[in-house]
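Have a look at the structure below before the remarks.
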Amino acid sequence: MRLARNHASILAQASLMVATLCWSVLATASDADNGRILYRNNCSQCHGLKGTGKGINAPHLEVAPRNHTDHDEMIARTDEELFKAISEGGQSVNKSVLMPNWGKTLSPEEIEDLVAYLRVLCCQEQ
Amino acid sequence: MTKRTYLPLLTLLLAWPVVPVAGFAEEIPAAANLCLTCHQVTVESDRAVQGAPPLFYAGNKFNRDWLESWLQTPTRIRPAGGFFADHIITSEGGDSIDTASLAPHPSVDSAAAKQLSDWLMSLRPHDQLIAESSEYSPAPISPRLGAMDFVKFKGCGGCHRDTPEYGGVSGPELYTAWQRLQPEFIVSYIKNPRAWNQQSSMPDRNLQDEQIHKLVNYLKSLHKED
């Protein structure tokens, strides 16, 4: 009797724990959909609405913005490298200063969302 | 809390966004009704408005003479419109501005322009932000070094034009910045764009005050007295 009740409460506790775990993973996982919105608002002006590096400012830049749909170039970079380029700007990864630093403008979570969206652009969308 | 205490609170909450904040604003003139359909003119309302620049801090931003005359004969300031992403055609060759989607700005007569300018210049919720910005006094700068700094070293030219022909198109033209904008606003905006406009697509480049002052000196040098 007592054993059974214990079992039930352990089961209840365990399922609560699983639920909490799932929820916290969901809540902290980077969100490519949010990244898509951030990309449109901030990045598309140079990298283009489709991410091909041909935004409305591209003809006016001395260095061409990266084509984020270029599968081979993009898989050559780790998520950490992409995060650093976005957060600290092109100069921090020995690229052009024309790629701005966004770390004072966007939060670390937002930059993670952008990295997640870059992975969609390069490697999931046709 | 009882229902009775909720009611006035709720009324207050509902009425709050449309009531101009006491001490900041003159009464909204009737001529402004049209403006409200596109622009954000109160401090907290319509956070999501992105298609037209916010005007709720107009008194902290514009030079009055420019404002009054522009309202009568408005010209385009942002080559790709209020929010660039709404005015783009995407093709194989890349993105281009959908000029057909850019409507001319409504104009008003001189009496309305004067009345609207009186009202707009009274909107100053960001006096504090201006007071906190670094003290700036104009100094001369070599045009060549100024341009190089603006385009190559600071990357401003990627999004802004420093001449009618040269520069990026997602941001407002800056060869007219000195004519349009208060110097303290320019300094403060470059320091922290999102303190002014949550929706701004301009990055905070983490510049030192002296670097900002140098850029502002360059913008001043682009202004031709007439």
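Note on naming: letters A, B, ... go to the chains in the order of the sequence lines (proteins, then strands), and numbering restarts at 1 for each one.
When every heavy atom of B/V151 is checked against every heavy atom of A/L98, the shortest pair comes out as O-CD2, 3.7 Å. Taking each heavy atom of B/C159 and A/Q45 in turn, the nearest pair found is SG-OE1, 3.9 Å. Shown here for A/W102 and B/M202, the closest heavy-atom pair between the two residues is CZ3-C, 4.5 Å. Of all heavy-atom pairs between A/L49 and B/D95, the closest is N-OD2, 2.8 Å. Among all heavy-atom pairs drawn from B/V169 and A/I56, the shortest one is CG2-O, 3.5 Å.
If you measure heavy-atom distances from B/S96 to chain A, the contacts under 4.5 Å come from the backbone alone. Heavy atoms of B/K154 lying under 4.5 Å from chain A are absent altogether. Contacts between B/F83 and chain A at a heavy-atom distance below 4.5 Å involve the side chain alone, from C-beta outward. At a 4.5 Å heavy-atom cutoff, the contact between B/R205 and chain A is made by backbone and side-chain atoms alike. With a 4.5 Å cut-off on non-hydrogen atoms, B/A85 touches chain A through its backbone and its side chain both.
Taken from CD in B/E92 to OG1 in A/T52, the straight-line distance is 8.5 Å, to the nearest 0.5 Å.
Of the listed residues (B/G155, B/A80, B/G158), the one with the most heavy-atom contacts under 4.5 Å to chain A is B/G158. Looking only at heavy-atom pairs under 4.5 Å with chain A, the residue among B/G94, B/S170, B/G167 that has the most is B/S170.
Residue-level contacts of residues 57-78 of chain A with chain B, in order of numbering, are A/N57, A/H60, A/L61, A/E62; threshold 4.5 Å between heavy atoms.
Under the 3.5 Å distance criterion, the side-chain polar atoms of B/S201 are left unmatched by any main-chain donor or acceptor of A/N42.
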